[in-house]
Amino acid sequence: MELKNYLKIWRAKADVTQEELANEIGVSRQTINSIERSRFVPSVQTALKLAVFFNTDVEQIFSLKGEEK
């Protein structure tokens, strides 16, 4: 199954740039860009860091295609 993500939406709501988000969670801006474009599946650690940053559950940022809410 393919992973769907809503990272770009969450980032826009928080009004943070890819660079700012990357610095906050300890990855490169390119990693954030690749996740948003579904070119890269983040590690569990990165997904959890994103959830903590946005103060939400991982499932609110990522879902399996076909299992969206």
Could you walk me through whether F40 and N33 satisfy the side chain to side chain contact (heavy atoms under 4.5 Å, CB included) test, starting with their C-alpha distance in whole Å, then the side-chain angles of each, then the deciding distance to 0.1 Å, before giving a yes or no? CA-CA 9 Å; F40 176 72; N33 182 272; over 6 Å; no
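- Linking ILVMFWY residues whenever their side-chain heavy atoms come closer than 4.5 Å, directly or via other members, places V41 and L64 in the same cluster.
- Taking 4.0 Å as the cut-off between side-chain N and carboxylate O, R11 and E20 do not count as a salt-bridged pair.
- To the nearest 0.5 Å, atoms CZ (F54) and CD1 (I25) are separated by 8.0 Å.
- A 6.0 Å sphere centred on CD of Q30 holds more than 12 heavy atoms belonging to other residues, nucleotides or ligands.
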For R37 and K8: C-alpha separation, side-chain torsions, deciding distance, then whether side chain to side chain contact (heavy atoms under 4.5 Å, CB included) applies. CA-CA 9 Å; R37 300 177 96 195; K8 190 171 185 174; over 6 Å; no
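- Considering CG of L3 and OG of S63, their distance stands at 7.0 Å, rounded to 0.5 Å.
- Using modelled atom types, one side-chain atom of N5 and one backbone atom of I35 make a donor-acceptor pair closer than 3.5 Å.
- No hydrogens or angles considered: nothing links the side chains of T31 and S34 as a donor-acceptor pair under 3.5 Å.
- Atom CG in L50 sits 5.0 Å away from atom CZ in F62 (nearest 0.5 Å).
- From T17, atom OG1 reaches atom CZ of R29 across 9.5 Å, with rounding to the nearest 0.5 Å.
- Residues I32 and I9 share a hydrophobic cluster, clusters being chains of Ile/Leu/Val/Met/Phe/Trp/Tyr side chains in contact below 4.5 Å.
- Under the 4.5 Å side-chain heavy-atom criterion for grouping Ile, Leu, Val, Met, Phe, Trp and Tyr, V52 is not connected to L21 through any hydrophobic cluster.
- In this structure, the side chains of E36 and Q18 come closer than 4.5 Å at one or more pairs of heavy atoms.
- Remark: K13 NZ to T56 OG1 distance equals 8.0 Å, nearest 0.5 Å.
- How far CH2 of W10 is from CD1 of I61: 6.5 Å, rounded to the nearest 0.5 Å.
- Residue-environment remark: CG (D15) stays at or below the threshold of 12 foreign heavy atoms within 6.0 Å.
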